[in-house]
Amino acid sequence: MSFSIKVFSILDAHDVDAMESICHDDFIFVDEYEMMTRDDWITGLRKLWAETHVDFSKDRNVLVDQRDIFSMQFTRDIDGVPHRITNVSLLKDGKFWRSQIHRVPV
């Protein structure tokens, strides 16, 4: 199974445990000026997905799916404003290792 198919299955199911399983032990997530460890990011993800239904399929596009890098985009409404969300992740041992998000109103 390609990495993108695995990721999309996890995102569409909002399966936090499965997401945690594809994050390297040394995972770091960067969001603007904030850096989170794997545990902090997973905790935040559990809260987000419990409180908010995020549709990861709207305008979904794979930019890169290679051995060492994965990148995708999708559109999500944030406070009533559509945003283009871009995720770029470096992979290590077949798992997310370093990940960054970028949000732009469209």
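Values reported hereafter were calculated over all heavy atoms of this structure, with side chains retained and with hydrogens, waters and symmetry mates removed.
Using a 4.5 Å heavy-atom threshold, the side chains of Met72 and Ile85 count as separate. Inter-residue side-chain proximity for Arg76 and Thr52 is flagged as met; some heavy-atom pair is nearer than 4.5 Å. Using a 4.5 Å cut-off on side-chain heavy atoms (C-beta onward), Ile28 and Met36 make no contact. Residues Ile101 and Thr86 fail the side-chain proximity criterion, which asks for heavy atoms closer than 4.5 Å. Residues Asn61 and Arg84 are in side-chain contact: their nearest non-hydrogen atoms beyond the backbone lie under 4.5 Å apart. Ile69 has its side chain within reach of Val88: a pair of non-hydrogen atoms, C-beta onward, lies under 4.5 Å apart.
Taking SG from Cys23 and NZ from Lys92, the interatomic distance works out to 14.0 Å, rounded to the nearest 0.5 Å. Considering OG of Ser89 and NE2 of His24, their distance stands at 13.5 Å, rounded to 0.5 Å. Rounding to the nearest 0.5 angstrom, the gap separating the CH2 atom in Trp97 from the CG atom in Leu90 is 6.5 Å. To the nearest 0.5 angstrom, Thr37 atom OG1 is 9.5 Å from Met35 atom CE.
The two atoms that bring Phe56 and Leu11 nearest to each other are CD1-O, 3.6 Å, heavy atoms only.
Salt-bridge annotation for Arg38 and Asp26: absent, with no side-chain N of the basic residue lying under 4.0 Å from a carboxylate O of the acidic one. Taking the charged nitrogens against the carboxylate oxygens, Arg46 and Asp17 do have a contact shorter than 4.0 Å, which makes a salt bridge.
A donor-acceptor distance shorter than 3.5 angstrom exists from the side chain of His83 to the backbone of Val81, with no hydrogens or angles considered. The backbone N or O of Asn87 lies less than 3.5 Å from a partner atom in the side chain of Ser71, making a donor-acceptor pair. A donor-acceptor pair under 3.5 Å links the side-chain atoms of Asp65 to the main chain of Ser4, judged by distance alone. Judged by distance alone, the side chain of Asp31 and the main-chain N or O of Glu34 form no donor-acceptor pair under 3.5 Å.
For the residue pair Asp55 / Ser57, a side-chain donor-acceptor distance below 3.5 Å is found, with atom types taken as modelled. If you check the side chains of Gln73 and Arg60, you find no donor sitting under 3.5 Å from an acceptor.
In this structure, Phe96 is a member of the same hydrophobic cluster as Val54, with clusters built from ILVMFWY side-chain heavy atoms closer than 4.5 Å. Two different hydrophobic clusters hold Val30 and Val104 under the rule that ILVMFWY side chains link at heavy-atom gaps under 4.5 Å. Taking hydrophobic clusters as Ile, Leu, Val, Met, Phe, Trp and Tyr residues chained together by side-chain heavy-atom distances below 4.5 Å, Ile10 does not share a cluster with Val64. Under the 4.5 Å side-chain heavy-atom criterion for Ile, Leu, Val, Met, Phe, Trp and Tyr, Ile42 and Phe70 are members of the same hydrophobic cluster.
Between Phe8 and Phe74, the gap from one ring centroid to the other reaches at least 6.0 Å. The aromatic ring centroids of Phe27 and Trp41 lie less than 6.0 Å from each other.
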